Each structure stands twice: as structure tokens, then as C-alpha cells.
Student: 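Mind looking over this structure? Questions follow.
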Protein chains: 2
Amino acid sequence: MPRTDIPDIVIGRLPLYLRALTRLSKEGHDITSSHELGEQLGISSAQIRKDLSHFGEFGKQGTGYTIQTLSTELQRILKVDTEWQVALVGIGHLGQAIANYGGFADRGFRISHLFDNSPERIGKRVNGLTVTALDEMATVIEEEGIRIAMIATPARSAQQVADILIEAGVQAILCYAPIIISVPEPVRVQYIDPVIHLQRMSYYIDD
Amino acid sequence: MPRTDIPDIVIGRLPLYLRALTRLSKEGHDITSSHELGEQLGISSAQIRKDLSHFGEFGKQGTGYTIQTLSTELQRILKVDTEWQVALVGIGHLGQAIANYGGFADRGFRISHLFDNSPERIGKRVNGLTVTALDEMATVIEEEGIRIAMIATPARSAQQVADILIEAGVQAILCYAPIIISVPEPVRVQYIDPVIHLQRMSYYIDD
DNA sequence: TAGATTGTTAATCGATTAACAATC
DNA sequence: TAGATTGTTAATCGATTAACAATC
């Protein structure tokens, strides 16, 4: 159970630590240090140690951290030590690309259901999954106990889709539509809008 | 020219303000207030006023902000009042979806060049653009004066691609590869890794 | 005018960092 | 042992918010 007194900004860095550890492991390292991790991530070593200290003591003075151990701990803390089923809604260009994306495997998530309301797409197969009608979504989500969903519909449909998902039991939504959706209290939403990132960078271009 | 004393965290919120204004405008509003904007974004009205005050005075006491005026000002500040050409590298599933994505139009960016190194993809047409060989990338970027690029290659190629882009004059990179790339000082990088967002949310799921 | 909202200041709040004892 | 690195405390730094005079 999450300890409610841990700042969300700390939680937000844990996945970065996990990703960096995975990379170091792939490169053949067995042990690392807060300094090495910080170097790789552009974060101070003090911050990494402070962040981890919220959850326990995972290192050894003079040595550092065993990558395997720390990875396992972070996976447990983030609840990605088992695989979540994820529903994907909206199977247009973007949705299909997401469905075909191989990067979810081994990071705790597996797209298990595809939904769309367009007659041309319903019944279509994408990466081994069949697109199901939006009408059936609530039932399927409930029956399967799905807790995480991604929305890749046009902006105008996103709020309505979110309402249905939440009603059916979804607690976390990753929204690709460029619109802020309203959700009730315990539900989490994160957004992916590439233009926001581009605009944040264009400010700094001198040219 | 960016005033270097303005915190990056403030710059990061300006695109959100711009997006919210665009939405309000589409809904038929002409005028808004820091309170209304904050409501929509989940940000305090005081913060919005403080952020904007770094750049000038755009509102009117007792009334609020003219949406059209504030939008234009934000576009100017963020340098998206003209359209940037953007190079896209890596034309696999994800790259093709990005190339087909319609959401860049009118927000300051236009994908103008596609690059890949796979013989099957070179010469192929995607959304009206022809995929060019990676070998020619440096030359094209330089000749066209391209300053912004997106990387949608596998993680293992991302650093090498970034090096070429930067050498050719690119100053801002949006990286879809799940890896942190090293770049020299003035160059900006932003990342899009959906799993990071999912892991940040799974922590909070009680179930 | 009365009501509303801005821009700004000062206070508060929270996050980051520096430093170091503990100890492997 | 000597060197290195952790976990933690206290200090610093920076961001957010409350409050309000100015004024439309």
C-alpha cells in the first residue's frame, strides 16, 4: 500500500531509476552507486539517496547498490512486479502504433484489449488482438478487472470514453488526446501530447 | 530572445495555457480569467498570473484576459507564431503514426522530412513525404536549416542519430526512444516514454 | 458606484543539496 | 586499514500561495 506521505514528485522519479538500472544491467553491470545513477540521469546523487530512503535501505556503505536487488525493490514499490492488463481505446493510426509497440513487455504492462466505435475497425485484428466495439467496453473492463487504460481517440471523444472507463473500474488513464479530462478523486491521469514538449523547447531556440 | 532568468518550470506551463486558451476559443469564449484557466488546468489562479507576469501585463483588472490577445502573446513568447520544420528519424510503426498525426498543424510545427536507414523504407511515401536515407540526413538538415527533430528509432540507435542531428544544427530533440541521450549544452531534449507514465500511476492503484 | 480581477509583494511551503557520521 | 559510499540531518534554495492595492 502506498504511503500517502511520499511526495508524488518522488514517485515520478522511481520509474526513471528503474529504467536506468535496467540499462546498466543490460550493459553488464552488477553494482552501481547513487553517483553513477545520477550521472546517467542528470540528477544529484543526494536526491537519489533521499528518494530511496523513503522506502527503506537498499544500499551498502562503501559499495553502493546491487542492481538486481534495487530493481526488484523498485518494481515491487511501483507495483510492476506483476503484469497489468491494459485496455487501449481508439484504434486509429496512433492506436495501432501503440498496439504494435513492443516496449511494454517486461516493464509491467500488456495491452490486452482494443476498443473502437468505428464499424470499419471493429473485428479487425491488430498485433494479435481483435478490436471490440465501444458498446461492449464497460462489460469487458468489469469482467476482466482491468484497472489501467490508454485513450488514443480524437479529443472530442476522450472525456466520454474516460467516464465509461472509470465507471467500469479503471483507476489510471494514459491520455494521448490533447485535452485535459476531469476524473473523480482516486483516479490518476497522465498525458502524452508531443506538441507540449516541442513548444517547451522552441522557446529556447536561438535562430 | 528568452530571458534566461525565467524558470524552466514556468516555460513548461505556457504550452498548457496556450492549449487551454485554444480550447476555450473553440468553445466560443472571447474572454477568460486566471480563475477560469486555473479551474480547467488544475493550477491556482495566482500561479497563472505570476507566470504571465514574467513576460508582461496581458490582462485587464475586473475583466480578465482577451483570449485572442493572450494566445497571440503566448505563441510569440514560445516562438510558435511561425511554423517550424521538423525532421522525423525512424519510420517504423511509431514513426509512421507520428508522420500521420494531424495534431501538429496550427500548433507551430510541421513534419517536413522523414529519415530511416532501412532499405525497405527508403523511398517509401508516408503522408505525402518520401523517406530519405540516413546517410543524407546531415546534408539535408543543414541545407534546410532544420532546428527541431524527433527520434523514433530503436533505443540502440538513438544516441548516434542524435549526434548526427546536433552536428548538423538541430537544437531541440523530442526522443521517443526509452533511453536518456547525452547532448551538449544549448541543445534541449524532451522524452516521451509511455511506460514511465504508466509506472508512475500503477504505484497508486489499490487492488 | 459596486463588483470583479489583475499584477505584485511577502509569507509559506516544499524540494534540493551540502555535509558528515556510520560503516562496509 | 584506507577509501568509498550510504542514509540522514540541517541548511539552502526555489516555487507556490495568500493577500491586497490598483483599477477596469
Side-chain angles (χ1 to χ4, degrees), chain A residues 2-18 20-21 24 29-74 76-77 200 203, chain B residues 2-18 20-21 24 29-74 76-77 200 203:
Chain A
R3 291 152 62 176
T4 51
D5 55 340
I6 296 171
D8 180 61
I9 197 163
V10 172
I11 305 303
R13 282 190 291 262
L14 300 186
L16 302 176
Y17 300 164
L18 183 55
L21 288 167
L24 287 168
H29 295 68
D30 292 323
I31 286 173
T32 188
S33 64
S34 58
H35 180 78
E36 187 177 43
L37 276 173
E39 186 93 345
Q40 188 169 130
L41 291 164
I43 289 176
S44 79
S45 61
Q47 180 155 86
I48 291 173
R49 295 197 301 280
K50 185 114 210 289
D51 284 352
L52 295 177
S53 76
H54 284 100
F55 303 95
E57 307 189 356
F58 307 117
K60 202 176 261 181
Q61 284 105 323
T63 310
Y65 303 91
T66 305
I67 290 174
Q68 182 55 56
T69 307
L70 187 53
S71 286
T72 302
E73 289 291 344
L74 286 175
R76 183 186 53 75
I77 292 164
R200 183 178 189 152
Y203 172 82
Chain B
R3 291 151 63 175
T4 51
D5 55 342
I6 296 171
D8 181 61
I9 198 163
V10 172
I11 304 303
R13 281 190 293 261
L14 301 186
L16 303 176
Y17 300 165
L18 183 55
L21 289 167
L24 286 168
H29 295 68
D30 291 325
I31 285 174
T32 188
S33 65
S34 59
H35 180 79
E36 187 177 44
L37 277 173
E39 186 91 346
Q40 189 169 131
L41 291 164
I43 290 177
S44 77
S45 61
Q47 179 155 87
I48 291 173
R49 295 197 301 278
K50 185 114 210 291
D51 284 353
L52 296 177
S53 76
H54 284 100
F55 303 95
E57 308 189 355
F58 307 117
K60 201 177 262 184
Q61 284 105 322
T63 310
Y65 302 90
T66 304
I67 290 175
Q68 182 54 56
T69 307
L70 186 53
S71 285
T72 303
E73 288 292 343
L74 286 175
R76 182 185 54 75
I77 293 165
R200 182 177 191 155
Y203 172 82

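Predicted, not measured: the structure shown is a model, and the values here were computed from it. Numbers restart at 1 for each chain; the letters A, B, ... are given by sequence-line order, proteins then strands.
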Student: For B:S45, which contact category applies under a 4.0 Å heavy-atom criterion: base, sugar-phosphate, or nothing?
Tutor: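 Result for B:S45 = nothing.
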
Student: Please enumerate all residues that pass side chain to side chain donor-acceptor pair (under 3.5 Å) together with B:R200, with sequence neighbours excluded.
Tutor: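 If we apply the side chain to side chain donor-acceptor pair (under 3.5 Å) test to B:R200, skipping adjacent residues, the hits are A:D8.
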
Student: Starting from the 5' end of DNA chain C, give me the residue, A:G62 or A:S44, whose nearest nucleotide shows up first.
Tutor: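 Mapping each residue to its closest nucleotide by heavy atoms, the 5'-most match is A:S44.
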
Student: Anything under 3.5 Å between a donor and an acceptor, one on a side chain of residues 58-66 of chain B, the other on a protein residue two or more places apart or in another chain? List them.
Tutor:
none

Student: Flag the pair B:R49 / B:S53 as yes when at least one side-chain heavy-atom distance between them is below 4.5 Å, and no otherwise.
Tutor: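 Side-chain contact under 4.5 Å: no.
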
Student: Scan the side chains in residues 36-43 of chain A for donor-acceptor partners under 3.5 Å anywhere in the protein, sequence neighbours excluded, and list what turns up.
Tutor:
| unit_1 | atom_1 | unit_2 | atom_2 | d |
| --- | --- | --- | --- | --- |
| A:E36 | OE1 | A:T32 | OG1 | 2.5 |

Student: My validator wants the stems of DNA chain D: runs of 3 or more consecutive Watson-Crick or G-U pairs, both distances under 3.5 Å, written as range with range.
Tutor: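 C:3-24 with D:3-24 - these are the stems of 3 or more pairs that involve DNA chain D.
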
Student: For B:D30, what residues pass the side chain to side chain contact (heavy atoms under 4.5 Å, CB included) criterion, not counting sequence neighbours?
Tutor: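 If we apply the side chain to side chain contact (heavy atoms under 4.5 Å, CB included) test to B:D30, skipping adjacent residues, there are no hits.
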
Student: If you assign each of A:T63 and A:A46 to its closest nucleotide in DNA chain D, which residue comes earlier from the 5' end?
Tutor: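 Result of the comparison: A:T63.
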
Student: Can you list everything that forms a side chain to side chain donor-acceptor pair (under 3.5 Å) with A:Q68? Sequence neighbours excluded, please.
Tutor: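 Testing A:Q68 for side chain to side chain donor-acceptor pair (under 3.5 Å), a comparison that skips the adjacent residues, returns A:T72.
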
Student: A:R13: what forms a salt bridge (charged side-chain N to carboxylate O under 4.0 Å, His left out) with it, not counting sequence neighbours?
Tutor: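 With sequence neighbours excluded, A:R13 shows a salt bridge (charged side-chain N to carboxylate O under 4.0 Å, His left out) to A:D51, given in chain and number order.
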
Student: What are the bounds, 5' to 3', of the part of DNA chain D that sits under 4.0 Å from heavy atoms of chain A?
Tutor: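 The contact span of chain A on DNA chain D goes from D:dA4 to D:dT9.
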
Student: With A:S44, which residues qualify under side chain to side chain donor-acceptor pair (under 3.5 Å), at least two apart?
Tutor: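 A:S44 satisfies side chain to side chain donor-acceptor pair (under 3.5 Å) with no other residue.
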
